[in-house]
Amino acid sequence: MLENKGHPNRLGIWGWLGGGKWGLERYLYTLHRLTGLGLLFYFLLHIFVTSARAFGPEAWATSMGTVSGPLFVVGEFLVFCAFAFHAFNGVRLGLIELGFAIGNPIEPVYPYRTSVHEQRPLAIVMMVLAGLVVLAGGLDFFILH
Amino acid sequence: MRDQRLWTWHLLAGLVILVFLGLHMGIMHLDVLLGIFNPKDPHPVAWANVVERAKLGFFTVSYIVLLGAALFHGLYGLRNILFELGLGAAAKKGLNVTLTVGGLVLFVFGSWAAWAAGALAKTL
Ligand code: HEM
């Protein structure tokens, strides 16, 4: 874990949200964080809502009744999208952190190249896959139902 | 050292979640496209489907595994984010205790619910 002492975030919210010169992967980082927190919030409520099944059909019906309606359908679709993004981006992060898909080390000769160029294809492939899962979800949520 | 070990668990938990949450999302939200594990009713969360799944030991076990993995992964992720704020030693300690105790309580409660739903389903 990085210690941030001595490197205060002088840009405030923009320092956290903005990609600066870091490009695509920096935005994926922000989205990964937002979706992680969103999923965690949903999941903690989900534990209580779904535990009602242990108390029988009436308790289950009451519990499901409180989380139904068009607003909740849209909300659940957002959770589904967050899952699709976080899952594929998480696989990308795991691969990269374990040293895959970042290319071989090279001599630091000017003009310097970073491994971001090597990583970019994986990021694009993962986002296309996440997009396809989101499309399948949208079809099932809003068109086939 | 300890953080490295916890981080490895975080990554492994992500893999477990990928498998079981992937299945869960497929059952609940790609129900028309995939049509799996909803034998009694077209609506995935209909009581009859809940009972059929709860009768299968596989779901009781996989819900408990998913519960544990997601609690650890999510709360450890939250801990990482909050630690980036540059907390003092006492705040870190307090946060560790709160998240650990909170996570364990939720794990026991959710596991009980999964087990009790299975026991109830088998009597129906
Ligand atoms: C679908 C399977 C999932 C995979 C493959 C996955 C993978 C990952 C990975 C690789 C990281 C970053 C670890 C690092 O950079 O060291 C991460 C962070 C995180 N994940 Fe997940 N995850 C998954 C599901 C979830 C779920 C269901 C939740 C909510 C309960 C969640 C909450 C978080 C949080 C809060 C973070 C921290 C974000 C940050 O540090 O910015 N994840 N996940």
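FYI, side chains are in, hydrogens and waters are out, and symmetry mates aren't considered; it's all heavy atoms of this structure. Letters A, B, ... are given to chains in the order of the sequence lines, protein chains preceding strands, and every chain is numbered from 1.
Neither the backbone nor the side chain of B:A54 comes within less than 4.5 Å of any heavy atom in chain A. Neither the backbone nor the side chain of B:W115 comes within contact range of chain A; no heavy atoms are under 4.5 Å apart. With a 4.5 angstrom heavy-atom cutoff, B:L67 touches chain A via backbone and side-chain atoms both. Contacts of B:L75 with chain A are made by both backbone and side-chain atoms, with heavy-atom separations under 4.5 Å. There is no contact between A:V133 and chain B, counting heavy-atom distances below 4.5 Å. Both the backbone and the side chain of B:V45 have a heavy atom closer than 4.5 Å to some heavy atom of chain A. Using a 4.5 Å cut-off between heavy atoms, B:L30 touches chain A through backbone and side chain atoms alike. Contact of B:L33 with chain A is made through backbone and side chain together, with heavy-atom distances under 4.5 Å.
A:L78 and A:M127 are assigned to two separate hydrophobic clusters, defined by single-linkage of ILVMFWY side chains at heavy-atom distances under 4.5 Å. Note: the hydrophobic cluster containing A:F41 does not contain B:M25 (ILVMFWY, side chain heavy atoms under 4.5 Å, direct or indirect links). Note on A:I102: it clusters hydrophobically with A:V125, by side-chain heavy-atom contacts below 4.5 Å among ILVMFWY residues. Linking ILVMFWY residues whenever their side-chain heavy atoms come closer than 4.5 Å, directly or via other members, places B:M28 and A:V49 in the same cluster. One hydrophobic cluster, built from ILVMFWY side chains closer than 4.5 Å, cannot hold both B:V65 and B:L104; they sit in different ones.
Note that CZ of B:R53 and CZ of A:R53 are 9.0 Å apart. Values are rounded to the nearest 0.5 Å. Rounded to the nearest 0.5 angstrom, A:H145 NE2 and B:D31 CG are separated by 3.5 Å. Rounding to the nearest 0.5 Å places CG of B:L21 at 9.0 Å from CZ of A:F43. Considering NE2 of B:H24 and NE2 of A:H46, their distance stands at 4.0 Å, rounded to 0.5 Å. Distance check, rounded to the nearest 0.5 Å: NE2 of B:H73 to NE2 of A:H86 gives 4.0 Å.
Among the candidates A:A136, A:G94, A:G36, the residue making the largest number of heavy-atom pairs closer than 4.5 Å to chain B is A:A136. In terms of non-hydrogen atom pairs under 4.5 Å with chain A, the most contact-rich of B:L71, B:V51, B:L78 is B:L71. If you tally non-hydrogen atom pairs under 4.5 Å between each of B:A48, B:P42, B:G74 and chain A, the highest count goes to B:G74. Counting heavy-atom pairs closer than 4.5 Å to chain B, the top-ranked of the candidates A:G90, A:S51, A:G137 is A:S51. Among A:I47, A:L39, A:L93, the residue with the largest count of heavy-atom pairs under 4.5 Å with chain B is A:I47.
A 6.0 Å sphere centred on CZ of A:F142 holds more than 12 heavy atoms belonging to other residues, nucleotides or ligands. Summarising the local packing, CZ of A:F100 is surrounded by 12 or fewer heavy atoms from other residues, nucleotides or ligands at distances under 6.0 Å. No more than 12 heavy-atom neighbours from other residues, nucleotides or ligands sit within 6.0 angstrom of NZ on B:K93. More than 12 heavy atoms of other residues, nucleotides or ligands sit less than 6.0 Å from atom CG of A:L98.
The shortest distance between side-chain heavy atoms of A:V91 and B:L15 does not fall below 4.5 Å.
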Evaluate side chain to side chain contact (heavy atoms under 4.5 Å, CB included) for A:D140 paired with B:H29, printing each intermediate quantity in order.
CA-CA 7 Å; A:D140 210 304; B:H29 297 304; over 6 Å; no
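When ring centroids are compared, B:W112 and A:F55 come within the 6.0 Å threshold.
When all heavy atoms of B:A113 and A:A54 are compared, the closest pair comes out as O-CB, 3.7 Å.
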